[in-house]
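Structure, as structure tokens:
Atoms considered below: every heavy atom in the structure, side chains included; atoms not considered: hydrogens, waters and symmetry mates. Order of the sequence lines fixes the chain letters, A, B, ..., with proteins taken first and strands second; residue numbering starts at 1 for each chain.
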Amino acid sequence: MTTSYHLIASPDTWIEGEALRQLEQTATLPGMRAAVGLPDLHPGQGYPIGAAFLSERIYPALVGNDIGCGMALWQTDLSRRRFKPERAAERLQGLEAPWAGELDDWRAEFDLEPTDFDAALGTIGGGNHFAEMQAVETVMDPAALSALGIETDQLLLLVHSGSRGLGESVLRGIVDQQGHQGLDPASPEAIDYLQQHDQALRWAEANRGLIAQRLFEALKTVGKRRLDIWHNLVQPVDWHGERLWLHRKGAAPADRGPVVIPGSRGSLSYLVQPLGDSAHSLHSLAHGAGRKWKRGEARGRLSGRQRPEDLVTTALGGRVICEDKELLYDEAPENYKGIERVVADLVEAGLMTVIATLRPLLTYKVRRPANRNGARPAQRQPGFRQPQRDRL
DNA sequence: ATGTAC
């Protein structure tokens, strides 16, 4: 069966040919009913990222390895006026190490069995994952903002992370056994995969919660969770009376209330209100700006123009903690499409409205990465330099 | 994306 795909993006939005080819190819998989590319669509490992798929069968490889990856937003009680990014950065240390506290309460709260990966519970991970202190920049919908319980004079914490090694092991387990084929939802393999997948969703949610708690403790504040949204998952849906499977791979849900669509660390993030009937978009939205350049290409592309010390401050005046040079280049704002275009596409498609924009003040990625030889600790990060406000 | 593959 060949299913046509639907792309939600204006002609002005640049989308890589390889991503479209992957979207088209994925739409031809057996049992596929609908495939939607969102404006942050970009190539993944065989399957595109920034897409949603509706199918009769369950495709673990479409969800990918980071099952349960998503965004969570907290309201803190830190005054935005009194916040000193450099002081806060000094307090944020050792978040890569296993959490020293007791995990039993976390497991109980999120209904988790102990796993071999629990030492990573409460750690951010690599790639595009981060924890970021943000300030409300512009409010477009004050009523929706206060309904969410968000105060404009106190900082927010946005956490983007997933299920770390656990999701990876769940995917590897099923792919080693079944390859990339779609699973019959009634089969024992599918039932077993879904049970592990659902646990990985809860683990990822708990992970974001513990990451947030560790930052709150370091910054001597507290926070209240305002939303926690998965963008990598598969779930059953009732589609006109039929039970089908909705896969989201880097796609935020449009049917779970407000979501945050972050830009790169150098641009604003958008807190948005999904709208109305979004069946043609498979009840999905973009999950971010979308990469423009592949990981690993960035250093070669940028290192001639920008040094590491240039990359630890952003055009919006934000401070970045990232002591892994490769990662610092890989996640530089230049690697990402403009979030403004992505957001405009979704608004013009009638899929959402903007509640508020959020400004990144301090982005935590990683300190002291494990060296390839495991020996020499990373160089101390260069000091904070005053951002160039005139570029705003 | 990942206690990464060789």
Query - Aromatic A:Trp74 / basic A:Arg226 pairing, under 6.0 angstrom, 45° off normal - result: no
Query raised in the report: Could you give the CG-to-C1' distance, from A:Asp330 to B:dT2, as a whole number of Å?
Result: 14 Å
**Report entry** Atom pair distance, as rounded to whole Å: CG in A:Asp176 and P in B:dA5
**Finding:** 11 Å
Requested in this report: Using the ring of A:Tyr336 (Phe, Tyr or Trp, six-membered ring only), decide whether A:Arg291 places NZ or CZ under 6.0 Å from its centre and within 45 degrees of its axis.
Outcome: yes
Query raised in the report: How long is the line joining CG of A:Leu327 and P of B:dT4, in whole Å?
Result: 17 Å
Query raised in the report: How is A:Gly162 classified with respect to the nucleic acid when contacts are heavy atoms under 4.0 Å: base, sugar-phosphate, or nothing?
Result: nothing
Query raised in the report: With sugar-phosphate meaning primed atoms plus P, OP1 and OP2, does A:Gly127 contact a base, only sugar-phosphate, or nothing at under 4.0 Å between heavy atoms?
Result: sugar-phosphate
Query raised in the report: Just checking A:Gly126: base, sugar-phosphate only, or nothing, at a heavy-atom cut-off of under 4.0 Å?
Result: sugar-phosphate
Query raised in the report: What is the distance from CG of A:Asp324 to P of B:dT4, rounded to the nearest Å?
Result: 15 Å
Report task. Output the distance between atom NE2 (A:His129) and atom CZ (A:Arg164), rounded to the nearest 0.5 Å. Result -> 8.5 Å
Query raised in the report: Reckon A:Arg172 touches a base, only the sugar-phosphate, or nothing at all at heavy-atom distances under 4.0 Å?
Result: nothing
Report summary line: When rounded to whole Å, the CD to P distance for the pair A:Glu168 and B:dT4 reads 9 Å
Query raised in the report: Which residue, A:Tyr364, A:Phe130, A:Trp230, forms the ring-ring contact (aromatic ring centres under 6.0 Å, His included) with A:His160?
Result: A:Phe130
Query raised in the report: Rounding to a whole Å, what distance do you find between A:Ile49:CD1 and B:dT2:C1'?
Result: 14 Å
